[in-house]
K.L.:
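One structure follows; several queries about it will come next.
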Amino acid sequence: MDLLPRRGGPQPVAAPRHVRALSSSAHSVAMWPTSSSFAGCRRPSCHLGGSSEASFPSSTSAGRGPSGLARRVLQFESLQEIVVSVVGWSVLLSSSFILAVAASTDEENSPRNYLRRKQSRGQRGAQRPALRPVVCLGDSLTRGNLSADWVGNLRSRLATRVDLPNVVLNAGQNMQCAQNILRRIDEVVACKPSHVVVLVGTNDLKGELSAAEGMTYKVCNDLEQPPTLAAFEQDILQIRDRLLSCGAKVALVSPPVLGEDGLCAANLRAAAYAAVVRHAAEEANCSYLPLFERTSAKVPNTGGTSYNSLQSFMWLCSLVADIHLLRRDLADVMRERELSVTVDLVHLGPEASEQLATMVEDFIENSVTAGDYVNHVAMPEPVASPEPISVAAA
């Protein structure tokens, strides 16, 4: 006689408590291994009576736990979960770190912080006149945390000069195009700089060469349209005129090579961007710093590594760890990648960065005037000469 009713029988009668507990226990045992894990293993019936019988692997008796095969499968599945978790968290954390580095600014030496300090001095009634700063304005090549830092190099050089302005502000921001620079030009003008060095155009060039990159810059930078050479030319002219109108001496720097094959499509187009910058400088009697020409002379015309956006991005991601975690020498990274000018086909290596810092220092030295700086070395007070002693009186 069955303790529980069969399907299709009369209305069931509540089974005694100990029978319900036994049924629940049998069901719990039957929950593993599942039919998807082992062939030939059938989940037992929930009925204790009738012809349905629970089937388990032959090496396992009911209620004694999994067989050796089951344990291995369960261990493998647990290992998979651990691997997936580790990989997933690693990707998430590394991506967050890369984004944090990309979004960071040199806050200590930024125009915003300079204006804040200047306002604080005014509120305290400080009488010492503020130094007119040198502002380096641009994108990631100027920001310098994804490559060799030419702005920091320049600041170190000027710190040892008593005849030149020694306050150097870094107004570089990663991933920006010329239109973004134009939007934040007022903050630079408010600093009343003596000299401004403008290096922009690499991201405009990349956005024009690749539809995908162009759309990325349009969306991320809130541009009216993907970058083009014509739009870049209009923006660089407006940047130049706005800076000249505030009395600053302006140097326009041509964007460097893109990739390390001199005659590849990217560098043929880069030459056109350099020509636009050179024309804009000559038209308004600004200084032109030929970074494209200097870097182009260092790469082979053929046989070098052409610009590839995917390869460049992968190198850039590993570069974040090389610079900020491993503290590696960038020259070693370039040798491993067989590069001579850039560290990732885009950003400047140590030698190119050194050349740019030298060009900028020469520009400042050759154009400085008395009103551009206040000597930052405290001069001693003049000492009164003693009264001469009269020989006659002696």
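Since this is a predicted model, take the numbers as computed values, not measurements.
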K.L.:
Write down the atom of Asn170, the atom of Pro111, and the distance for their closest heavy-atom approach.
P.N.:
O-CD, 3.8 Å
K.L.:
Tell me whether Glu293 is salt-bridged to Lys298, with the criterion being a basic N under 4.0 Å from an acidic carboxylate O.
P.N.:
no
K.L.:
Between the side chain of Asn301 and the main-chain N/O of Asp261, is any donor-acceptor distance below 3.5 Å?
P.N.:
no
K.L.:
Side chains of His347 and Leu316, heavy atoms from C-beta outward: is any pair under 4.5 Å?
P.N.:
yes
K.L.:
Run the side-chain hydrogen bond (donor to acceptor under 3.5 Å, both in side chains) test against Glu365 and tell me which residues pass, sequence neighbours left out.
P.N.:
Arg161
K.L.:
Taking only residues two or more places apart in sequence, or in another chain, which ones meet Arg116 in a salt bridge (Lys or Arg N to Asp or Glu O under 4.0 Å)?
P.N.:
Glu107
K.L.:
So which atom in Val196 and which in Ala248 form the shortest heavy-atom distance, rounded to 0.1 Å?
P.N.:
CG2-CB, 3.9 Å
K.L.:
Do Arg328 and Glu336 meet the salt-bridge criterion of a basic N to acidic O distance under 4.0 Å?
P.N.:
yes
K.L.:
Do Ser353 side-chain atoms and Trp150 backbone N/O form a donor-acceptor pair below 3.5 Å?
P.N.:
yes
K.L.:
Would you indicate whether the side-chain heavy atoms of Val277 and Tyr288 approach each other to under 4.5 Å?
P.N.:
yes
K.L.:
Ring-plane angle category for His195 and Phe363, please: parallel below 30°, perpendicular beyond 60°, tilted otherwise.
P.N.:
perpendicular
K.L.:
Check this for me: does any side-chain nitrogen of one of Asp322 and Arg327 sit under 4.0 Å from a carboxylate oxygen of the other?
P.N.:
no
K.L.:
Between atom CE of Met175 and atom OG1 of Thr216, what is the distance when rounded to the nearest 0.5 Å?
P.N.:
6.0 Å
K.L.:
Would you kindly say whether Tyr273 and Glu233 are connected by a side-chain donor-acceptor distance under 3.5 Å?
P.N.:
no
K.L.:
Under 3.5 Å, side chain of Arg269 to main-chain N/O of Leu209, donor-acceptor pair present?
P.N.:
no
K.L.:
I'd like to know if the side chain of Glu260 and the backbone of Ser340 have a donor-acceptor N/O pair within less than 3.5 Å.
P.N.:
yes
K.L.:
Taking the side chain as C-beta and beyond, is there a heavy-atom pair between Asn221 and Lys218 under 4.5 Å?
P.N.:
no
K.L.:
Is the shortest side-chain heavy-atom distance between Val134 and Val167 below 4.5 Å?
P.N.:
no
